[in-house]
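No experiment lies behind these values; they were computed from the predicted model shown. In each ligand, atom 1 is the first atom listed, and ligand 1 is the first ligand listed.
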Amino acid sequence: MNNKYKILLVEDEANIRNLVSAMLESAGYQVLSAGTCATAKVLYGSHRPDLIILDLGLPDRDGRTLLELVRRESATPVIVLSARSDEQDKVEALDMGANDYITKPFGSAELLARVRSALRSTHQTSGSAYLPEGKFRTADLVIDYDARRIFRGDVEVHLTQTEYNIVALLSRHPGKVLTYTAIIREIWGYPDEGSTKKLQVNMANIRKKLGVRPGENSYIVNELGVGYRMCAADNHS
Ligand code: CA
């Protein structure tokens, strides 16, 4: 088959590389793998993959140099692989233009959901989340962009301007983590000392108004230490 998506997998640990490669191949993707930044650059240049899965800790160069190179040339989606503790790395990679990250260790279902979501984000049909008449839907939540109104089932959710702007912003990137800094910049302009707190307060109010109980991950997921993610329509939990 020639119509398979091509995925470039950049990871120096052979165990992880083989495992991820097997997961992707069994889901029908074509995989090119590289263990160094140098090999990855060559494969990227010669194959123009549809998506890149990138470990940042590589033996020759920091994976971020590849991310920079790719972003200078294209919008190819990049998913960063990272260790559980590296919140700062995740934030930096997202702010540098990575589409998403996945934390090791991860299972096949999680990996494949992220891959589908990232591939969809570049193929602007953007899944079933966008209804034809300028609306967005995830589970029973509907956003009407023209009217700037939000409904949960048949019931309208009354948000302030700022709360609405935050939800609408997240919904424009379903499945993608937006970092705290990125959200603050979009909503309030340049961040100041109180920005993060302001965002947290707004998010708490949004979740309350949406009827989400504390600790429950509905509609909007808080990726601790990194940012917020609007659930995509197909992997809502
Ligand atoms: Ca590594």
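There is a side-chain donor-acceptor pair under 3.5 Å between T179 and D95.
Sorted pairs that involve residues 185-194 and meet salt bridge (charged side-chain N to carboxylate O under 4.0 Å, His left out), not counting sequence neighbours, are lacking altogether.
Note on D12: its N/O/S atom closest to the Ca ion (ligand 1) is OD1. Restricting D55 to its N/O/S atoms, the shortest distance to the Ca ion (ligand 1) is reached by OD2.
Under the 6.0 Å distance and 45° angle rule, R148 does not count as a cation-pi partner of Y145.
Using a cut-off of 3.0 Å, one finds that L81 contributes no N/O/S atom close to the Ca ion (ligand 1).
Using a distance-only test at 3.5 Å, with no hydrogens or angles considered, a donor-acceptor pair links the side chain of N99 to the main chain of V78.
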